[in-house]
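Along the sequence shown, the residues carry numbers beginning at 1. Please read all numbers here as calculations on a predicted model, not as lab measurements.
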Amino acid sequence: MNIVILGAGQAAASLAAKLRALGHRGGIAVIGDEPAPPYQRPPLSKAYLLGQMGLDRLTLRAADWWQDQGIALHLGERATGIDRDRRVVATERGEYPYDQLALTLGAAPRRLPAAMGGDLPGVHVVRNLADIAGVKPALVAGRRLVVIGGGYIGLEAAAVARKLGLEVTLVEAAPRILGRVAAPETAEMIRALHRAHGVEIVEGTGIARITGTAAADGVELADGRHLPADLVICGIGVAPETALAQAAGLAVDNGIATDAFGRSSDPAIWAAGDCASFPWADSRLRLESVGNAIDMAEAVAANMLGADIPYMPKPWFWSDQFDAKLQIAGLNLGYDRVVTRPAANGGSVWYYRAGRLIAVDALNDARAYMIGKRLIEAGRSPEPQTVAEAAELKALMA
């Protein structure tokens, strides 16, 4: 059986490795449009951008590993179409027949439209190696940066820029930072962290446009204010890469729609990672995280080989900002109550829905994260008051 994996990121590397670990001896080809072999994305906006981590440590597998495993890497090669009838992937360089195809295409950063100055020189996004190569030379101490977007990517970029000595203003159109992903209590801890490090945060204010002619020179806010800038970073979220799937007639619903096993609407085509949505609690879920890219890819590899085991996500996330680490276990969707626990230089926020513990945010509190994660994965739910008042978190595991 010949397997082609389209997209060459974390999910692709995990899927290919798992196929071999499970005994698949047929062909495996991984096709990606970036010139670099599969690498970790999270450090790009953190340690790699700061110069604390080189490309060698970013890369997921050494070159000889791919060779030893008999996995063909086709890099710097863009796929142009999927012919489902012939079971062939077409690229700029040729055709690749498949018996089964896995789409691990990831997601692309959203950009502001050209009419708002989104394509001016000096306007950056932070998603891949080329993006970092573009923005890194501009991150010079004393320069003025405006970050558009108060989600994790925007906040991480702001933190790195401050550490490098830039003047940083972050603008969030929603009433507060982290509005879609975290409780006000978590946002308050992160806001305080940034302000303590000299980041100016503007919330509840939209962007009218990025100003400048030859290059970006500032950001005009919806309320008429103008923020001068030497560069702008847009961190306004990502969109799943679905164009190839859509053109091939596959079902798309907030990503390439899969069943519980990771199979698309074509039984010979599978999807995993940031580009895929799967059934979850009477709806569909798409997760943008390393944990999901690895776990879903490994589940899909097993199911491609006939395991028929539904994918059950165990979500976890993290974000490094300044010298603080935010760790998240579970999914806080639909929460109706939170309780908080203070800790040195941070604390934890525990989310409940209908009396059940569903997620924990922990800032500089690894113990709260670990215990919360174990409780959620075991389906255990201590009373909110017990969590708030417990002298020792360990007692929750009893």
Side-chain angles (χ1 to χ4, degrees), residues 3-22 24 28-49 53-63 65-66 69 71-79 101-109 125-132 152-153 156 237-242 244-245 255-256 258 262 270-278 285-304 311-320 327-329:
I3 294 176
V4 172
I5 301 170
L6 205 46
Q10 178 79 64
S14 299
L15 204 152
K18 193 67 172 178
L19 285 170
R20 285 291 187 241
L22 292 172
H24 175 63
I28 302 177
V30 176
I31 304 169
D33 57 10
E34 287 191 73
Y39 60 87
Q40 307 173 63
R41 285 194 197 280
L44 282 180
S45 58
K46 304 184 264 279
Y48 184 77
L49 189 50
M53 179 187 275
L55 185 56
D56 54 332
R57 280 177 57 210
L58 213 57
T59 304
L60 288 163
R61 302 279 187 174
W65 181 87
W66 298 96
Q69 295 291 316
I71 298 167
L73 273 186
H74 301 275
L75 303 174
E77 190 165 346
R78 197 172 60 85
L101 171 65
L103 303 178
T104 57
L105 295 161
V125 293
V126 180
R127 180 69 182 179
N128 61 26
L129 282 167
D131 297 334
I132 300 301
Y152 289 120
I153 287 291
E156 287 168 5
V238 297
E241 289 280 15
T242 58
L244 278 170
I256 301 163
T258 74
W270 309 70
D274 289 9
C275 70
S277 70
F278 52 88
L285 184 64
R286 188 176 63 81
L287 294 174
E288 297 163 9
S289 75
V290 170
N292 177 66
I294 295 169
D295 294 348
M296 188 177 186
E298 291 188 345
V300 164
N303 289 333
M304 287 176 111
Y311 172 54
M312 296 297 291
K314 295 178 178 175
W316 55 272
F317 314 87
W318 85 93
S319 178
D320 294 327
Q327 294 170 287
I328 301 158

Roughly how far apart are [X] [atom1] and [Y] [atom2], rounded to 0.5 Å?
| X | Y | atom1 | atom2 | value |
| --- | --- | --- | --- | --- |
| Thr258 | Trp270 | OG1 | CH2 | 9.5 Å |
| Phe278 | Leu287 | CZ | CG | 4.5 Å |
| Glu77 | Leu6 | CD | CG | 9.5 Å |
| Asn128 | Tyr39 | CG | OH | 4.5 Å |
| Ser289 | Asp295 | OG | CG | 8.0 Å |
| Ile5 | Met304 | CD1 | CE | 7.0 Å |

### Query
Are Glu34 and Arg41 ion-paired here, with the side-chain N under 4.0 Å from a carboxylate O?
yes

Side-chain heavy atoms of [X] within contact of [Y], under 4.5 Å:
| X | Y | result |
| --- | --- | --- |
| Val30 | Ile71 | yes |
| Glu298 | Leu15 | no |
| Leu75 | Pro35 | no |
| Gln40 | Val290 | no |
| Tyr48 | Leu129 | yes |

### Query
What do the steps show when you test Arg61 against Asp56 for salt bridge (Lys or Arg N to Asp or Glu O under 4.0 Å), and what is the final call?
CA-CA 9 Å; Arg61 302 279 187 174; Asp56 54 332; over 6 Å; no

Of all heavy-atom pairs between [X] and [Y], which one has the smallest distance, and what is that distance?
| X | Y | result |
| --- | --- | --- |
| Gly32 | Ala8 | CA-CB, 3.7 Å |
| Met296 | Ala271 | CE-O, 3.5 Å |
| Leu103 | Ala245 | CD1-CB, 4.3 Å |
| Thr104 | Gly7 | OG1-O, 3.2 Å |
| Leu244 | Ala79 | CD1-CB, 3.8 Å |
| Val125 | Pro109 | CG2-CG, 3.7 Å |

### Query
Ala108: what forms a side chain to side chain contact (heavy atoms under 4.5 Å, CB included) with it, not counting sequence neighbours?
Glu241

### Query
For Pro240, which residues count as a side chain to side chain contact (heavy atoms under 4.5 Å, CB included) partner, sequence neighbours excluded?
Thr242, Arg286

#### Entry: Any donor-acceptor N/O pair, Asn292 side chain to Glu288 backbone, under 3.5 Å
no

### Task
Look at the side chain of Arg127 and the backbone N and O of Asp131, then say whether any donor-acceptor pair between them is shorter than 3.5 Å.
no

### Exercise: do Glu156 and Ser45 side chains pair donor with acceptor under 3.5 Å
yes

### Message
Walk me through whether Asp320 and Tyr152 qualify under side chain to side chain contact (heavy atoms under 4.5 Å, CB included).
### Response
CA-CA 9 Å; Asp320 294 327; Tyr152 289 120; over 6 Å; no

